[in-house]
Amino acid sequence: MLKIANLSAWYGHSHILQGISLEVKRGEIVTLIGRNGAGKTTTLRSIMGLVPKRQGSVVFDGAEILSEPAHKRFHRGLAYVPEERRIVPGLSVLENLRLGIIGSASRSKENERIDVIAETFPRLKQRLTQEAITMSGGEQQMLAIARAMMAEPQMILLDEPSEGIMPILVDEMFELFRTMKAAGTTIMLVEQNVELALGISDRAYIMDQGEIVYHDTAAALLADKAMQERYCAV
Amino acid sequence: MSGLTLELLLLQIVTGVALGSVFVLLAIGLSLIFGMLTIVNFAHGAFYMVGAYMGVFLYGLTKNFWICLVLVPLAVGTIGLVVERFLVRPLYGRNIDDPLLLTFGLGYVFIESIRILFGLNGIPFSTPAGLRGAVDIGIGYFPLYRLFLIGATGMLVLGLWLFIEKTKFGLIIRAGARDPEILKVLGIDVSKIWLLVFGIGTGIAGLSGILAAPLQAVTPEMGIPVLAEAFVVTVVGGMGSLIGAVTAGLMVGIVVAMTSLFMPEMAKVSIFLLMALVLLVRPQGLFGRAGLMG
Ligand SMILES: Nc1ncnc2c1ncn2[C@@H]1O[C@H](COP(=O)(O)OP(=O)(O)OP(=O)(O)O)[C@@H](O)[C@H]1O
Ligand SMILES: [Mg+2]
């Protein structure tokens, strides 16, 4: 589904990603973990086409997309939920959801999709007319995920979805990821909540200082406490 | 002040509203472009002037004011599209001074081109047949054309509001004014949206030009003072706010009309005093950042 080879990325003159390679197969959940500043967000942003200077190869669904703008990557079925969630202020929950589909080829299915999403996210269903940024952090995160799912992406990139969210919502969210996987969505997850993330993942990569330093099955890494502590202690 | 009656005062207020209508139209276009593209369009007055000349030219061809009222904004908006695509777009992401200097210079290019094409002297634009004369509005006789101007502005504002609040494209505009990056991630080609918004903003400037033409002589320099006034209105109302542009435009119109009545020598200065006063109390303008284009 997604294959990255020797990907480098820069912010201005700082060389952030040092030629990373990784792969996510169709239907998998793959977790990317690493310390603060390791380059996880930069990796996701590069996959989505939001880092202006990059080099190497990003193949999605069989096509090289390295130099494609972000909006074209969306149309290939790639969705991204940024770390800051980016709920648009001044818009209602419903309007934020609509934004998730009005740019897509399936925009005629808008109402149908809103109904489906409202069933999947009951917390949002009750708040459709509320101004979105007045919701709690957890609800906003749910909205960000729901918005990204509106156009039925093939693969979704999630940047620290559990950050700053109360535990009960986190459990609900991870249950949701399982459901999404079961429905055929490929997921790439960046998480600080390592055990929980590995618990639902197939495989995992560890990143440090802009490089991939380790990768294995999630089960193996879950058992390897020493490895986890070495690279994931915050 | 012995001749001052309530009727006269009210008539002067209506005159202010008519004057304010032109300010509203100009400020809406300026504010829309700023709200979306964060570009202060210094050529806005020149687009207005080009609209007036386009009106003169097309009226000569068609002899029909109503057709001109449709064609002029389309033509000026098309010039706007070309300007955005080939001149403004390369400057996105650069220093914010760059688009400012570009549009400032472009304004003078427009003025010079018009001087070459139409000459240095003003051209009169007679009030269209059917809108001449005055009508009794209860408090006295008022020029029909100015009433028409108020009505036309009201309809345009209503139309634009519906467009921004009720259509899909309007939703994209509202979101894009706040967070263009999230639009890209959601599959929207933001550069196309910016192009269209610049076209709409300049098209409205052109429309204000032809609407204002019967009130004054059409000259190559007519956009210069108007640009300053439109800026005052936009700053008073709050950059990027539609409701702000409307409120401030009417306020400025009424203030100018009132000072012309009581202290004619202060008429030109009054709007800048108003601006200073508003900025002292609310630096972001009356409706600034309350919700872009909301
Ligand atoms: N816009 C930017 N401009 C310059 N440097 C940046 C920018 N964004 C990130 N960086 C730098 O790139 C490096 C990697 O940052 P990144 O956000 O990818 O890390 P991360 O692994 O997501 O960290 P965290 O766990 O804190 O979210 C850091 O050193 C950071 O300072
Ligand atoms: Mg990060």
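Below, chain A is the first sequence line, B the second, and so on; all start at residue 1.
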What are the two closest non-hydrogen atoms of B/Ala175 and A/Leu99, and how far apart are they?
-> CB-CD1, 3.5 Å
Best-contacting candidate, A/Ser104, A/Pro89, A/Pro153, against chain B by heavy atom pairs under 4.5 angstrom = A/Pro89
Under the side-chain contact (heavy atoms from CB on, under 4.5 Å) rule, what do B/Lys192 and A/His71 come out as? Steps first, then yes or no, please.
-> CA-CA 12 Å; B/Lys192 281 200 185 123; A/His71 68 92; over 6 Å; no
Tightest non-hydrogen contact, residues A/Met48 and B/Val185, listed as CE-O, 3.9 Å
Under a 4.5 Å heavy-atom cut-off, does chain B meet the side chain of A/Ile102, its backbone, both or neither?
-> side chain
Is the number of heavy atoms from other residues, nucleotides or ligands within 6.0 Å of OH (B/Tyr92) greater than 12?
-> yes
Go through the steps to decide whether A/Arg147 and B/Ile182 satisfy the test side-chain contact (heavy atoms from CB on, under 4.5 Å), and finish with yes or no.
-> CA-CA 11 Å; A/Arg147 184 176 64 186; B/Ile182 201 68; 3.3 Å; yes
Could you give the distance from NZ (B/Lys184) to OH (A/Tyr80), rounded to the nearest 0.5 Å?
-> 12.5 Å
Heavy-atom distance under 4.5 Å to chain A: side chain of B/Asp179, backbone, both or neither?
-> side chain
Is chain B contacted by the side chain of A/Arg45, its backbone, both, or neither, given a heavy-atom distance below 4.5 Å?
-> side chain
List the atom of A/Gly103, the atom of B/Ile188, and the distance in Å for their closest heavy-atom pair.
-> CA-CG1, 3.7 Å
Quick one: closest heavy-atom pair of B/Lys168 and A/Arg107, and the distance?
-> NZ-O, 4.3 Å
Should A/Val88 and B/Leu183 be marked as a side-chain contact (heavy atoms from CB on, under 4.5 Å) after you check the CA-CA gap, both sets of side-chain angles, and the distance that decides it?
-> CA-CA 10 Å; A/Val88 183; B/Leu183 288 188; over 6 Å; no
